[in-house]
Amino acid sequence: PPNAIIAPSILSADFAQLGAECARTMDQGADWLHVDIIKDGEQRGGKDINELMRQCRDGHFVPNITFGAPVVAKIRSHVDKPTENHGRGTFDCHMMIAEPKKWVKEFKKAGCDLYCFHYEAAFSSAAESPEQNTDEKTSPKALIRYIHDQGILAGIAIKPDTPVDVLWEILENPEEKERPDMVLVMTVHPGFGGQKFMASELPKVQELRKRYPELNIEVDGGLGPGTIDQAADAGANVIVAGSAVFGAKDPAEVIALLRKSVDE
Ligand code: DX5
Ligand code: ZN
């Protein structure tokens, strides 16, 4: 599998000192910064993929708000831009929003290097169920192509209630421009930092790794010294950690430990 990429989530940083917090985290050994863009509405509950998609179509993704492109543009200047794809300093923007296509250009301009959208939100206005997600303009593959056309990397994320099988078709697409550069498997219900790790999501990581030995597979939610080994064993290599890094007495030590679990 690819090398470890440690991506502290700045959701747990002190937002009043965000630029300095970003720079400090990079100095402490981070590879990427994971930037959680959370926007919109109460979830009505509902557990299956069709209901999740319906909620996205109505503009509901997660019940929280963080910040937007103007803030990303400001903090971008506190961290050196990566010199290569997936390199140090990559801004990994996790878009927990109901209309991902709408914001690609804006975030690219602000300095996003990897735009990771949610599968559940990729066709919000088009279909009632994944089976109907055939509209060329609103499918995940069209969105990936659109992101690539802006000159940045594309990631695709799935919530805990979304089965991993929905990704096979997307990953097997022969068109390189329509294939994602990373898959994010959520290990909590998205929306907040500091939640409990869901080991139930790891079989998704295992299956992805079995089929795609070279793919960047990211896990997000509840990762820290107590849970990293399970995630690394399953095959994850891009590790998001918010509260475990920003809440630590010695963040550099935690970042090093996370890296070691993946690489050894
Ligand atoms: C949650 C976000 C995460 C969050 C993780 O919806 O996507 O990136 O910051 O926080 P921890 O690591 O504290 O679970
Ligand atoms: Zn995230």
Side-chain angles (χ1 to χ4, degrees), residues 1-2 4-9 11-12 34 36 38 42-56 60-64 92 94-98 116-122 129-131 133 140 155-172 180 182-213 215-245 247 254 257-259 261-262:
I5 293 173
I6 309 303
S9 162
L11 187 55
S12 291
H34 183 82
D36 287 304
I38 302 183
E42 291 301 319
Q43 270 187 306
R44 295 191 299 260
K47 279 283 167 195
D48 68 0
I49 172 69
N50 293 327
E51 177 56 22
L52 291 172
M53 284 177 48
R54 236 169 273 133
Q55 292 182 21
C56 290
H60 299 282
F61 192 77
V62 283
N64 201 4
D92 164 28
H94 178 193
M95 308 305 292
M96 285 165 275
I97 62 176
C116 185
F117 66 89
H118 266 267
Y119 173 85
E120 301 83 4
S129 72
E131 291 69 47
N133 288 329
I156 186 163
I158 51 172
K159 287 185 172 190
D161 294 315
T162 302
V164 70
D165 320 20
V166 301
L167 298 176
W168 304 145
E169 185 195 5
I170 298 163
L171 287 162
E172 269 141 43
M182 183 185 80
V183 168
L184 163 53
V185 174
M186 289 304 298
T187 45
V188 297
H189 291 286
F192 302 90
Q195 302 183 80
K196 191 170 176 285
F197 179 73
M198 295 167 71
S200 59
E201 302 313 294
L202 291 179
K204 296 178 183 176
V205 176
Q206 271 162 2
E207 265 202 75
L208 278 162
R209 180 56 74 214
K210 204 168 73 196
R211 293 184 192 220
Y212 301 100
L215 181 67
N216 277 318
I217 304 175
E218 181 174 61
V219 283
D220 180 13
L223 273 307
T227 51
I228 184 62
D229 285 342
Q230 304 166 58
D233 285 350
N237 72 298
V238 185
I239 311 299
V240 177
S243 48
V245 168
V254 174
L257 183 152
L258 296 173
R259 184 187 309 287
S261 299
V262 175

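For this chain, numbers begin at 1 and follow the sequence in order.
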A side-chain contact here means heavy atoms from C-beta on lying under 4.5 Å apart; do [X] and [Y] qualify?
X	Y	answer
Ile49	Lys159	no
Leu52	Phe61	no
Asp161	Asp48	no
Phe197	Val188	no
Ile97	His118	no
Val185	Val164	no
Asp36	Val240	no
Pro160	Pro190	yes

Ser12: partners by side-chain hydrogen bond (donor to acceptor under 3.5 Å, both in side chains), with sequence neighbours left out: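 Expected list: none.
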Hey, mind stepping through Lys210 and Glu207 against salt bridge (Lys or Arg N to Asp or Glu O under 4.0 Å) and telling me if it holds? CA-CA 5 Å; Lys210 204 168 73 196; Glu207 265 202 75; 5.7 Å; no
Distance check, rounded to the nearest 0.5 Å: Arg209 atom CZ versus Leu215 atom CG?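 The CZ atom of Arg209 sits 6.0 Å away from the CG atom of Leu215.
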Nearest non-hydrogen partners of Met186 and Asp220, listed with the distance: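 What the structure gives for the nearest pair is CE-O, 3.6 Å.
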Regarding Asp92 and His94, do their side chains bring together a donor and an acceptor under 3.5 Å, going by distance alone?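 Result is no, nothing qualifies.
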